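To start, the structure under review is shown below, and the notes come after it.
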Amino acid sequence: MAEARYYDIRCVQGEITLIDIDNGVIESAGTSYFDRAVVRVLGPKGWGILTRDHVEIDSKREIDALVEAAARLAAVTGDQIDLADAPRALLPVPPLGEDPRDVDLEEKTRLLAGIESAARVPEVANTRARYTEGIDSVRFLDSSGNEFSYEAVRSGFSVIAIASRNGMMQMGSERDHITTGFNLRDKQDLGRKAGEVAVSLLDAKLAKGGTKRAVLDQELAGVFTHEAVGHASEGDLVREGASVLAGRIGERIGCEGLVIVDDPSLHEFGFIPVDAEGVAVRRTEVICDGILTSYLHNRETLAAVGNGVPGHARAEHGAPPIVRMSNTFIENGDATYDEIIAECKDGILLIGSRGGQVDPGRGVFQFNAEYGYLIEGGETTDMVRDVSLSGEILTTLHDITLLGNDRKMSPGYCGKGGQTVPVSDGAPHILLENAMVGGRGI
């Protein structure tokens, strides 16, 4: 057999259910099944990686053959890779409430249609709702004798409403995803909210751009935390020189009291009981009291970069693990929402997120809020639309002047390296000085 310093095998079997309803029409509704495995062998220098459909993980003969084949690939790699030691442990998976497998497809479709229909308030011209359900049965073993198995169940939906008046169109959206069961029941209020926000935006003012005080709600502050800070703290980007946080461990990069965490063990949408390398997961404070204290790592990047703990390797079905976030958030401060709005005095409240872009290497970002409200004399006034937030990551972290006590987590999916995994991000309301707010008003 070709030389192998280490190997691991990760098998995932499961099913994915998707339902898509567009303007009251069921576009698709069905369940697909998968059975995929990734075999990794670390040879004298680098990795040899094989992907296969259906592997008999209990067959020593089959495993030996796959490891031998991957070892031959590893023998011809050129880059030297080492792995850091890492603790092994499997956390218990939280119990399910209602198991989505106990609800038939027809019932799921009926419930989703009710949410989509609720979004069709007056002046809403288009609606769309999508339900996603994933059941993953994971088995892992490695050459060190570690072996784990667990089942993960995730389900959730999103709903979009587009309102139209005199050629103007505005959008409202809501979503809800969980790891603890089935979540389509009694959710019509979220559909209605999406429709009502879309209609309200038809009457909203255009935001005026400029540098001003800004209050970020929990969702937008969470998106900033994930996109601008979380990605910049990932060990592979640090190793590649593609992060503004490289070389800054121990440096103050944010305001006093600021704590930013990634915690795979938290029972939110990004929860994992063990990472994709079989490494124990735990809370990692990336920033503590404004000081950069840790990067996020897998075993390979920890050996190469240091300054952190492993347990942040994640993988899509049938793909090799890479460094990823899970549940990423700003910890609570002690200010109430009313205190933050009052302290802002004159500025803007930014609510929700419609995406954006970030360059973790240059340390700059731009995010679009879903909508906002002007703050005048310490009170919220007119609704505004077409508003964005941009700036430099490190400057913005220093410009946080108040941290709320009302942290909220939002579920979603994160793409990186061609792989998509479930995550959540969050924050309390925060107050920013000198925020660069973009708008089209005059």
Side-chain angles (χ1 to χ4, degrees), residues 193 197 200-201 204-205 207-230 252-261 268 285-291 327-354 356 365-410 424-439 441:
K193 182 180 179 183
V197 166
S200 296
L201 283 170
K205 294 182 176 181
K208 182 179 179 180
T211 301
K212 61 188 73 180
R213 288 193 181 105
V215 177
L216 310 190
D217 83 329
Q218 300 110 316
E219 182 177 350
L220 185 58
V223 168
F224 166 78
T225 305
H226 173 102
E227 296 289 353
V229 180
R252 176 168 293 282
I253 64 168
C255 68
E256 291 185 5
L258 178 66
V259 178
I260 293 182
V261 176
E268 295 287 345
E285 291 189 354
V286 175
I287 297 174
C288 182
D289 195 23
I291 296 172
N327 303 304
T328 313
F329 56 92
I330 297 177
E331 270 290 16
N332 276 331
D334 54 15
T336 67
Y337 170 76
D338 290 340
E339 287 170 344
I340 289 175
I341 296 296
E343 181 64 24
C344 181
K345 296 184 176 68
D346 295 296
I348 192 167
L349 167 63
L350 302 179
I351 296 176
S353 171
R354 287 189 177 167
F365 66 89
Q366 187 271 329
F367 302 125
N368 301 311
E370 188 173 6
Y371 58 96
Y373 289 93
L374 299 180
I375 300 175
E376 299 171 312
E379 296 183 352
T380 56
T381 57
D382 295 328
M383 188 182 201
V384 292
R385 57 181 170 86
D386 299 336
V387 60
S388 64
L389 175 73
S390 60
E392 297 179 344
I393 295 171
L394 299 179
T395 300
T396 302
L397 292 173
H398 282 289
D399 283 341
I400 297 173
T401 57
L402 277 181
L403 293 164
N405 61 3
D406 55 355
R407 191 191 86 202
K408 178 182 177 183
M409 303 296 289
S410 298
S424 68
D425 51 56
H429 282 87
I430 64 173
L431 175 61
L432 292 180
E433 293 284 348
N434 306 311
M436 296 173 60
V437 175

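Quantities reported herein were computed from a predicted structural model and do not represent experimental measurements. Position 1 is the first residue of the sequence, and the numbers go up from there.
With contacts defined as side-chain heavy-atom distances shorter than 4.5 Å, the pair Arg407/Ile330 does not qualify. In this structure, His429 and Gln218 have side chains that are in contact, with non-hydrogen atoms separated by less than 4.5 Å. Contact of the Asp217 side chain with the Leu350 side chain is not registered, since no non-hydrogen atoms from C-beta on lie closer than 4.5 Å. Using a 4.5 Å heavy-atom cutoff, the side chains of Ile287 and Leu397 are in contact.
Considering every non-hydrogen atom in both Ile393 and Ala228, the closest pair reads CD1-O, 3.1 Å. The minimum heavy-atom distance linking Gly372 with Val387 is given by the pair N-CG1, 4.4 Å. Residue Lys208 comes nearest to Lys212 through the heavy atom pair O-NZ, 2.8 Å, listed as atom of the first residue, atom of the second, then distance. Nearest heavy-atom pair, Pro428 versus Asn405, reported as atom, atom and distance to 0.1 Å: CB-N, 4.2 Å. Contact record, Glu433 with Thr401: CG-CG2, 3.2 Å, taken as the closest heavy-atom pair. The heavy-atom pair separating Ala335 from Leu402 by the smallest distance is CB-CD2, 4.3 Å.
Ile351 CD1 to Tyr371 OH: the interatomic distance, rounded to the nearest 0.5 Å, is 4.5 Å. Atom-to-atom distance recorded for Arg252:CZ and Leu258:CG is 9.0 Å, nearest 0.5 angstrom. In this structure, Leu374 CG and Met383 CE are separated by 11.5 Å, a value rounded to the nearest 0.5 Å. Here the NZ atom belonging to Lys345 is positioned 9.0 Å from the CG atom belonging to Leu431, to the nearest 0.5 angstrom. Rounding to the nearest 0.5 Å places OG of Ser353 at 13.0 Å from CZ of Phe224. Atom-to-atom distance recorded for Asp406:CG and Ile340:CD1 is 6.5 Å, nearest 0.5 angstrom.
The number of heavy atoms from other shown groups lying within 6.0 Å of CE (Met436) does not exceed 12. Within a 6.0 Å radius of CG in Asp334, no more than 12 heavy atoms belonging to other residues, nucleotides or ligands are found. In Glu376, the CD atom is crowded: over 12 heavy atoms of neighbouring residues, nucleotides or ligands sit closer than 6.0 Å.
No donor-acceptor distance shorter than 3.5 angstrom exists from the side chain of Asp289 to the backbone of Glu256, with no hydrogens or angles considered. Remark: side-chain polar atoms of Glu285 are not paired, donor with acceptor, to backbone N or O of Val259 under 3.5 angstrom. A donor-acceptor contact shorter than 3.5 Å is absent between the side chain of Asn434 and the backbone of Asp399.
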CA sep, side-chain torsions, deciding dist, call: Tyr373, Val215, side chain to side chain contact (heavy atoms under 4.5 Å, CB included):
CA-CA 10 Å; Tyr373 289 93; Val215 177; over 6 Å; no
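Note: Phe365 and Phe367 have parallel aromatic rings, judged against thresholds of 30 and 60 degrees for the angle between ring planes.
Counted by atom type alone, Thr328 and Asp425 present zero donor-acceptor pairs between their side chains at under 3.5 Å.
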